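Reading through the structure tokens given below for one structure.
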Amino acid sequence: MSFEPIGPTPAARAGKIALLVLPFLAGFFCMLLSFVPFSRIFGVEIAPAFGLIAVYYWAVQRPDVFPPYGVFAIGLFYDLLSAGPLGLWALVYLIVYGLVISQRQLIIGRTFSLFWLGFLISSAVAGFLGWALASLYFGQFLSPATVLVQMAATVALFPLFAKLFEQLLQRLLVQG
Amino acid sequence: MVTLAAALLLLGRAETYVVDRARQVVTDLAAPLLELASRPVSAARRVVESTDQYAYVFDENERLREENARLLAWKEAALKLEAKVSRFEALLNVQVDPSIDYVTGRVVGDSGGPFVETIIANVGSQQGIVSGQAVIDTDGLIGRIVATGPQASRILLLTDLNSRVPILVEPSQVRAVLAGDNSAWPRLEFLPAVSEAQAGDRVVTSGDGGLLPPGLPIGTLVETEDGFLRVQTFADRSRLDMVRVLQYEFPREIDRQDAPAALQPPKGDGPFQSPATVPPALTQGGTSAGEGGT
């Protein structure tokens, strides 16, 4: 007769699972949110890249709970749903994710405005990469105006989502 | 992971069946979620619009009164023309266009990406939607169906990079192809070098190729600063809500028609259909087109 090794309690285990699953789900819903025609309420046409906010936030705060394949999956679903070039945003998000992780020490634990500035730079990189790749893919010079507007709207909305994610992260850490 | 994404990018360039299928499945699965989310958006939009309208209700009333007076004169002209046309059709033994059935759906999903101009509507193959069908709203043509699933279908807007629609410029009857380039104003391709088309002319579908019904209103010609002609669509891209999918089928088999015994407008039976079978878009589009032309 053997004894079971003393492991984490069921509650702690559930907390761990939640910590692994919830950030991804949050990112996934952010991605879906891009397709909800909010901007049409006011008769304008902007679809902010909410998915990028999630990728950036978790890459800075807790890359361990938001692994690269999560980033890849979100980018891929975004591509599939938007009927754009398949793999375009998956690639861009992964590159941005890698860049942010490499510069993580500069941002983490500093002021919020620095955190926001980091996002401004990241979304500029993402916008440029996406635009350049899409131009190559379609074999013609695309107008950069749409992607500029999209990224500007995303940067403007960043604080709101950062606060929401912060709430989520704190809840998870209390549980886990 | 990065290599995988890059490989997908190259693979997707080939537009394989698997990629299309995957897109459709994901769209179909996401459609109910999007529909749920788009309901409050629609409601909020109506609230914003109605408050907007309260502010201008007096001016709007004046404008409508004037427009009504103008339209009544147009109605008289239209009735006269209708009688004349049906008489001529009878004289010339014209095959009248068949009437077009339609399915109405709601736009539930925006294009999302900055490089694609497609929207998702909550009607699919279960309602008889087939890829290639024209989609209109109350103002005119907005695009056509490019993919369908059981629950949802994707509409390629006229402004998308990949959209090509054969058109006719009225009144000069010049034919061209309307090509989207992701900007708000699609451009004209294959326009004859010397043509009478000019800014302000009305653009309708020509029906060439048999995919789209002829005569659907699209927009008016505008001239850009560098002297090229582009099209301002009647439909407002940012205000799309309810859309209508036209189930048009190109009349492939046409019955042999004999000249009528007496030259009288036909009444229902025989090879003629009633001349009043105008596609639904035409009657609605006609009013906004008259407005856009002034």
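Computed from a predicted model, the values in this text were never measured in an experiment. Here is the naming used below: chain letters follow the sequence lines, and residue numbers restart at 1 for every chain.
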Check your understanding: Would you say the side chain of Y137(A) lies within less than 4.5 Å of the side chain of F115(B), judging by non-hydrogen atoms?
Key -> no

Check your understanding: For L76(A), is it the side chain, the backbone, both, or neither that has a heavy atom closer than 4.5 Å to a heavy atom of chain B?
Key -> side chain

Practice item. Below 4.5 Å from any heavy atom of chain A, which atoms of L29(B) appear? Answer side chain, backbone, both or neither. Key: neither

Point to revise | Derivation of the side chain to side chain contact (heavy atoms under 4.5 Å, CB included) call for N182(B) and T146(A) | key: CA-CA 9 Å; N182(B) 281 6; T146(A) 42; over 6 Å; no

Revision key, fill the gap. Applying a strict 4.5 Å limit to non-hydrogen atoms, the region of I120(B) in contact with chain A is side chain

**Study point:** chain A contact via V146(B) - side chain, backbone, both or neither, heavy atoms under 4.5 Å
**Key:** neither

Check your understanding: Between S82(A) and T118(B), what is the shortest heavy-atom contact and its length?
Key -> O-OG1, 3.8 Å

Point to revise | D110(B) and V36(A), any side-chain heavy atoms less than 4.5 Å apart | key: no

Point to revise | Over 12 foreign heavy atoms within 6.0 Å of CZ, F138(A) | key: yes

**Study point:** Greater than 12 external heavy atoms within 6.0 Å of R21(B)'s CZ
**Key:** no

Review point. Taking every heavy-atom pair that is under 4.5 Å apart, which of A145(A), G87(A), S135(A) has the most such pairs with chain B?
Key: G87(A)

Point to revise | Closest heavy-atom pair and its distance - L32(A), L34(B) | key: O-CD2, 3.9 Å

Review point. Between R23(B) and D79(A), does a side chain to side chain contact (heavy atoms under 4.5 Å, CB included) hold up when you go through it step by step?
Key: CA-CA 8 Å; R23(B) 271 200 191 119; D79(A) 287 330; over 6 Å; no

**Study point:** Contacting region of A37(B) [heavy-atom separation from chain A under 4.5 Å]
**Key:** both

Review point. What part of W131(A) is in contact with chain B, defined as an atom under 4.5 angstrom from a non-hydrogen atom: side chain, backbone, both or neither?
Key: both

Check your understanding: What option among G84(A), S143(A), G98(A), A83(A) has the most heavy-atom pairs under 4.5 Å with chain B?
Key -> A83(A)

Exercise for review: Step by step, work out the side chain to side chain contact (heavy atoms under 4.5 Å, CB included) result for L161(B) and L142(A).
Suggested key: CA-CA 9 Å; L161(B) 199 63; L142(A) 295 174; 3.8 Å; yes

Check your understanding: Which pair of non-hydrogen atoms, one from A30(B) and one from L81(A), has the smallest distance, and what is that distance?
Key -> CB-CD2, 3.8 Å

Check your understanding: Can you check side chain to side chain contact (heavy atoms under 4.5 Å, CB included) on L80(A) and T27(B), steps first, answer last?
Key -> CA-CA 8 Å; L80(A) 283 172; T27(B) 310; over 6 Å; no

Point to revise | Within 6.0 angstrom of F29(A) CZ, more than 12 heavy atoms from elsewhere | key: no

Review point. Of the backbone (N, CA, C, O) and the side chain (C-beta and beyond), which part of Y69(A) lies under 4.5 Å from a heavy atom of chain B, both, or neither?
Key: both

**Study point:** Gap between atom CG of L33(B) and atom CZ of F28(A) - 0.5 Å precision
**Key:** 8.0 Å

Review point. Is chain A contacted by the side chain of S183(B), its backbone, both, or neither, given a heavy-atom distance below 4.5 Å?
Key: neither

**Study point:** Enclosure of F77(A) CZ (heavy-atom neighbours >12, cutoff 6.0 Å)
**Key:** no

